[in-house]
Amino acid sequence: MKVASVIVDVPAKQTDKTFDYLIPNRWENAILPGMRVVVPFGPRKIQGFVTEVKAESSFAKLKEIIEPMDLVPVLTNELLSLGNWLTEHTLCFRISAFQAMLPAALKAKYEKWVKLAGNHRPEELPAELQSVFQKNPEIVWNEAVERGLVTALQREAAKGTVEVAYRVKDRLNAKRLKHVYPILSKEQLANELESIPARAAKQRDVLNYFIENPESIEQRELLAKTATTSGTVKVLIEKGLLGEIDKEVYRDPFEERVFAQTRPLALTDDQANAIDPILSSIKEDKHNVFLLYGVTGSGKTEIYLQSIQEVVGKGKEAIVLVPEISLTPQMVNRFKGRFGNEVAVLHSGLSAGEKYDEWRRIQRKEVKVAIGARSAVFAPFENLGIIIIDEEHETSYKQEENPRYHARDVAIQRGLLHNCPIVLGSATPSLETFARAQKGVYQLLTLPKRMNNQDLPKVDIIDMREELRDGNRSMFSKLLFEKLQERLEKKEQTVLFLNKRGHSSFVMCRDCGYVLNCPHCDISLTYHRYNQSMKCHYCGHEDRMPSICPECSSDHIRFFGTGTQKVEDELGKILPEARVIRMDVDTTSRKGAHERLLNDFSERKADILLGTQMIAKGLDFPNITLVGVLSADTMLHLPDFRSSEKTFQLLTQVSGRAGRHKLKGEVVIQTYTPEHYSVELSGEQDFDQFYQREMLVRKMHKYPPFYFLSLITVSHEELMKVISVTEKITNYVRSRLSEEAIVLGPVASTIPRINDRYRYQCLIKYKREPDLAPALKTVLDRYQQESAASGLQISVDVNPYILM
DNA sequence: AGCACGCCGACT
DNA sequence: GTCGGCGTGCTC
C-alpha cells in the first residue's frame, strides 16, 4: 500500500509535523496531495491535509486513512508550497497556514457521540440511559454532558455495552436542486399519453409539456409552468416516464442583477505611460512589482481593468485585492461590467455558502478574475497572470491572527512563482512601499493628474482651539457651518467624516475624572447607546451605564467622545431641514444595509452623508462638493509609530471624495493640531513632502522602513510570571542577535491586561539578522510546549502593524 | 487540542 | 479499599 503524509487538524506545537498513513488500495489513485482526508488520530477521527504520497514510511505501525473528503485536491501544488512558505515566514503551524488559504466552509466540524455497542440492547443499561437509547440509537456527547449522563456512560463504556465514536463533518455541502427530465422519446411519450387514466388531467399536462420541451427542468419551475404539485411528478417518475436528478447549483449573490457591459476607455497620456511597463511585463511573463502611484481620481481602476484584459486575453487569470471596506457594489460593478460572468467576488458580506461557491467557481476554472479582500490572494488559480492590490497602504491587508501574514508579501511570493507582475496601487502609498519604489526595488509608475483635469479640492484647515476661544463650543466650526448651509441652498451634497478610532465614547466623571474601565482588561469601556450599556471591546464584558460616579457619587458622569449619533443630533438642531444619512456600525450591520444607504445617497434622497472610516473610500458621486472632517487628529495621539502616516492617508483619502466630477469640490478639516505636518500636508495633498518629513522621523526613531520589526507578546494570569518569562525571552533573543539589533523589553503592552491576562512584550528592531528567525522559533518551541500546561500564551508577529 | 494513563488524597 | 483530582506525554 502507498503511504500519505498528512498534516492533521490539531494546531499545537507537538503535532506540527506530518503523520504517515496507509492509503487503502481502493483509493490508491484517488488520494492526492492537497486533498483533505479523514484519519484516525489516537482514539479520535480528524481531518488532515495530504502533503505527499510516497511508497513507504519510516514509521513502523501505520494506520489507514479512513476516507478522502475531496474528489479533487483543494490545495494545488503551488498552494501547498505557498503554505510552507507562510509557515516559515509567519512562524505559524502548517495546519493554520493551510486553513487560512481555504474558505471557512472547508474547515471540518467534529462530533463526538455514543452508541450501543455490538449487539447490546437498551434493556441492559441502567434506567436513566435506557430511556435515552430506546428513543435514539445514539446520543451526541455534548447533549450527554448537558443532561449529566457522562459518568453513567463512562461506566457503561468500560463494561463495553456502549462505545464512543467520532464523526468528521463537512461544514456545508454544495447546494442542489431537483431537476426532472423525460426518459422516453417524444413519440414514446405521445404513446404513453393514451394509457394515462382519463381523470389524470394533470399528468397529461406534464407529459405534454415534455413533449414540447424535452430538456430537463428544475422541478420547482416545472410545477409553476404546468400548475401541478410534486405528487403528480412523483407518480410519473414511479411509472418510469420521467427521471429525476439533483443538479448542483451555485448560490449566486448577484442573482437578479444586471451589469451594464462597459468597454475599455481611451487612456490619457499619463495612463498610457503607466500601463505600458505592466503590459510588457505581462507579455514577457516577467515578474515585476509596480507601484502605481496616482492621486485620487487619476484613473487607476481603468489601468487595472485593461491590464487584466491583457492577462485574460493570454488565457491567464487575475486576482484583484481591495480593502474589505471599499469592496463596495460600485467597485464590483466596474469589474462585473467589464468581465461579466468571468468574475468571482469574495467578501465578508457573503454567507459561508456563497463564499464557498464563489471559491469553487475559481477552483473549477469557470472564472478568470477573482476580486476580494485579503484572503482572496490565495485564490486557487493555476495560471496567474497578474495580482493587483488596490489601496496598497491599507492596514487591513495584514492579518492580525495566525498566520499573521501581509497580503502584499504573499502576492509577491506568488508573482515570483508564476512569473507575473504585481501591481500595488495607491494615492498615499505606505512608506515601506514608497521607499522600495524610490530604491528601485519596485518600479514606480505615476499618475500625477486627475482624469478630468479637475483641480484637487481646495482644503481649509480650521483650528478648533481658536473656534473655542471665539466662543463656538459646537462641533461645527463657523466655516463648516456656512458651507453646509450653502450646499443645502444649492442642493449639492456633503460628506461629513468622523474619525472615531481611538476615540470611542468612554464615560468619565466630570467632577473627579474617574473613567469607567473594564474589570478584566486595562481599557476603558465603550458606551453603547441602544441599550444604555458599557461594553468592553476586548473581552465583551458588559455593565450598565451608571447614573452616579462609583468613585465620588457625583451625578455629573457623562460619556465623552463624539459618536455619529451625537453629531446627527446636533445636525438636527442647527440644520433641521437637512436630510441626513448616518453610516456606522449600528446602521450598517444588517445585510445589504451598506449598499442601500449608499444608493439612497446617490439618488439624492439625502443632503448629508455622515459616517466613520467606512465612508472614506470608494465613494464616487458627482454631486458631492463638500467634505467635512469633524476631528482630524483623533488618531494622531495613538501610541503607534504609524499614526502620522494613517492620519495623512485618511485625510487625503477623505478629501478625495469631493469634486470628482464636473462640480468643484471643497474640503474643511477641523483639528486641534493644525500645525502637525500630517494634517497640514494632507491639506495640500502633498504626499511627496509628507514622505520626506515622515522618513526623517522614522529614521530618527529607527522604525520601518529603516528597520524591520518583530514583536513577541507574552500573556498569563499572573503578572510576575509574565514579567519573568518575557525577561528570559528578551535576554535570550538579545544574546542571539548582533550588536546592531535593538531588543526592547520587557515592557507592558499598550493594553496591559486583556481578559484577566497580563501582557508583556519584547520588540525587536533590526536590519539584517539571519539568526532572528531561528531564535524566534526556539522561543516558540520552548514556550509553546509549556503553554498548555501553565496557561502561558506567547505570540510572535513578524512585521507587526499593531504594536498593542 | 483531546485523551489516556498514572499517581496521590478523601470518601462510601 | 475505590473515586476522582489533574500532571505528563502521545497521537502515524
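So that the names make sense, note that chain A is the first sequence line, chain B the second, and so on, each numbered from 1. None of the values given here were measured: they were computed from a predicted structure.
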Write out all pairs satisfying salt bridge (charged side-chain N to carboxylate O under 4.0 Å, His left out) with one or both partners inside residues 113-123 of chain A, taking only residues at least two apart or from two chains.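 Counting only pairs at least two positions apart or across chains, the salt bridge (charged side-chain N to carboxylate O under 4.0 Å, His left out) contacts touching residues 113-123 of chain A are A:K115-A:E163, A:R121-A:E123.
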Contact list for residues 31-42 of chain A, test salt bridge (charged side-chain N to carboxylate O under 4.0 Å, His left out), sequence neighbours left out: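 Matches after skipping sequence neighbours: A:R36-A:D70, A:R36-A:D170.
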Is A:R360 close enough and on-axis enough to A:Y356, meaning under 6.0 Å and within 45°, for cation-pi?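 Yes.
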Nearest whole Å is fine: how far is [N] [atom2] from [X] [atom1]?
{"X": "A:K107", "N": "B:dA1", "atom1": "NZ", "atom2": "C1'", "value": "11 Å"}
{"X": "A:L153", "N": "B:dC3", "atom1": "CG", "atom2": "P", "value": "14 Å"}
{"X": "A:E163", "N": "B:dA4", "atom1": "CD", "atom2": "P", "value": "13 Å"}
{"X": "A:L792", "N": "B:dA1", "atom1": "CG", "atom2": "P", "value": "12 Å"}
{"X": "A:I46", "N": "B:dA1", "atom1": "CD1", "atom2": "P", "value": "13 Å"}

Every protein N/O within reach of nucleotides 10-12 of chain C N/O, cut-off under 3.5 Å:
residue	atom	partner	partner atom	Å
C:dT11	O3'	A:G42	N	3.0
C:dC12	OP1	A:Y21	OH	3.3
C:dC12	OP1	A:P40	O	3.1
C:dC12	OP2	A:K63	NZ	2.4
C:dC12	O3'	A:D20	O	2.9
C:dC12	O3'	A:K63	N	2.6
C:dC12	O2	A:D20	N	2.8
C:dC12	N4	A:K17	NZ	3.3

Which pairs would a plain distance check flag for residues 18-34 of chain A, meaning a side-chain donor or acceptor within less than 3.5 Å of a matching protein atom at least two apart in sequence or in another chain?
residue	atom	partner	partner atom	Å
A:D20	OD1	A:S5	OG	3.1
A:D20	OD1	A:K54	NZ	3.3
A:D20	OD2	A:K54	NZ	3.0
A:D20	OD2	A:S57	OG	2.6
A:Y21	OH	A:P40	O	2.7

Short heteroatom pairs, N/O only, protein and nucleotides 9-12 of chain B, under 3.5 Å:
none

With sequence neighbours left out, write down each residue that passes salt bridge (Lys or Arg N to Asp or Glu O under 4.0 Å) with A:E128, or none if nothing qualifies.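 Residues passing salt bridge (Lys or Arg N to Asp or Glu O under 4.0 Å) with A:E128: none at all.
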Holding to salt bridge (Lys or Arg N to Asp or Glu O under 4.0 Å), I want the full list of residues that pass it with A:E56, two or more places apart in sequence or in another chain.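 Here no residue qualifies.
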Taking only distance into account, with no hydrogens and no angle test, what donor-acceptor pairs under 3.5 Å do side-chain atoms of residues 797-804 of chain A form with protein atoms, sequence neighbours excluded?
residue	atom	partner	partner atom	Å
A:D797	OD1	A:K398	NZ	2.7
A:D797	OD2	A:K398	NZ	3.2
A:D797	OD2	A:R404	NH1	3.3

May I have the list of side-chain donor-acceptor pairs in residues 136-146 of chain A shorter than 3.5 Å, sequence neighbours left out?
residue	atom	partner	partner atom	Å
A:E138	OE2	A:R167	NH2	2.8
A:E143	OE2	A:R147	NH1	2.9

For A:Y110, which contact category applies under a 4.0 Å heavy-atom criterion: base, sugar-phosphate, or nothing?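 It contacts nothing in the nucleic acid.
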